[in-house]
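See below for the structure under consideration.
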Amino acid sequence: QVQLVESGGGSVQSGGSLRLSCTASEYTFRTYYMGWFRQAPGKEREGVATINAAGSTMYAASVKGRFTISQDNAKNTLYLQMNSLKPEDTAMYYCAADPRKYSGSYYLRSADFSYRGQGTQVTVSS
């Protein structure tokens with residue numbers, strides 16, 4: 001069973017920064033496609049950033065240049081560094097993993113991951 005545990009959400013003002021963390025098992029971390037997606041009330045899921053086992057990353061256009069996805073293999077932890085936050089970034093953020101190894105663009109477009117964490121709320125005020 002894949003377990004993903006997020007932390008690091010909160011409330012910030014526009015222009016601020018937050019870092020989300022997600023821990024997973026070593027096996028998951030090293031073999032699954034990992035990523036973050038978000039969902040705001042009344043809106044569809046939106047893929048935010050993805051990273052594969054080789055460390056290749058992709059970002060949604062809406063966050064590119066502001067968010068950075070990274071992983072620490074020694075700690076089995078996935079991160080999402082979010083800078084220059086905007087009110088439209090407000091959403092529940094989910095860490096996600098998938099064993100099927102589709103492309104990063106597929107996961108960004110569909111947010112179709114097999115597993116996700118419980119979510120962490122990010123609220124950005126203007």
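Computed from a prediction, not measured in an experiment: that's the story for all the values here.
- Two residues are said to be in side-chain contact when any heavy atoms from C-beta on lie closer than 4.5 Å; T90 and Q121 meet this criterion.
- Sorted by first and then second residue, the pairs that involve residues 24-37 and meet salt bridge (Lys or Arg N to Asp or Glu O under 4.0 Å), not counting sequence neighbours, are E26-R30.
- Distance alone, capped at 3.5 Å, places no donor-acceptor pair between the K86 side chain and the S125 backbone.
- Residue pairs meeting the disulfide (SG to SG under 2.5 Å) criterion with at least one member in residues 21-126, sequence neighbours excluded: C22-C95.
- Sorted by first and then second residue, the ring pair (Phe, Tyr, Trp, His ring centres under 6.0 Å) pairs involving residues 46-87 (not counting sequence neighbours) form an empty list.
- Remark: M92 CE to F37 CZ distance equals 10.5 Å, nearest 0.5 Å.
- Sorted by first and then second residue, the ring pair (Phe, Tyr, Trp, His ring centres under 6.0 Å) pairs involving residues 95-126 (not counting sequence neighbours) are Y33-Y107, Y102-Y106, Y107-F113.
- Using a 4.5 Å cut-off on side-chain heavy atoms (C-beta onward), V122 and M82 make contact.
- Evaluation of the salt bridge (Lys or Arg N to Asp or Glu O under 4.0 Å) test over residues 89-98, restricted to residues two or more places apart or in two chains, returns R38-D89, R66-D89, D98-R100.
- Taking 4.5 Å as the limit, some side-chain heavy atom of L18 sits within range of a side-chain heavy atom of L85.
- Between A97 and Y32, the shortest heavy-atom contact is CB-CD2, 3.9 Å.
- Annotation: the span from L20 atom CG to T77 atom OG1 amounts to 12.5 Å, rounded to 0.5 Å.
- Among residue pairs with one or both ends in residues 114-126, none qualify as salt bridge (Lys or Arg N to Asp or Glu O under 4.0 Å); sequence neighbours excluded.
- Interatomic distance, CG of L78 versus CG of N73, reported as 10.5 Å (0.5 Å rounding).
- Residue pairs meeting the side chain to side chain donor-acceptor pair (under 3.5 Å) criterion with at least one member in residues 9-25, sequence neighbours excluded, are S17-N83, S25-T28.
- In the hydrophobic clustering (ILVMFWY side chains linked at under 4.5 Å, chained through shared members), L108 is joined by M58.
- Between Q118 and L4 the shortest side-chain heavy-atom distance does not fall below 4.5 Å.
- Considering only heavy atoms from C-beta on, Q71 comes within 4.5 Å of F29 through its side chain.
- Taking CD1 from I69 and CD from Q81, the interatomic distance works out to 12.5 Å, rounded to the nearest 0.5 Å.
- Residue pairs meeting the disulfide (SG to SG under 2.5 Å) criterion with at least one partner in residues 51-90, sequence neighbours excluded, are absent.
- With sequence neighbours left out, A40 forms a side-chain contact (heavy atoms from CB on, under 4.5 Å) with K43, A91.
- A distance of 11.5 Å separates CE in M34 from OG in S70, rounded to the nearest 0.5 Å.
- Evaluation of the salt bridge (Lys or Arg N to Asp or Glu O under 4.0 Å) test over residues 4-18, restricted to residues two or more places apart or in two chains, returns none.
- Considering only residues two or more places apart in sequence or on other chains, S84 meets the side-chain hydrogen bond (donor to acceptor under 3.5 Å, both in side chains) condition with none of them.
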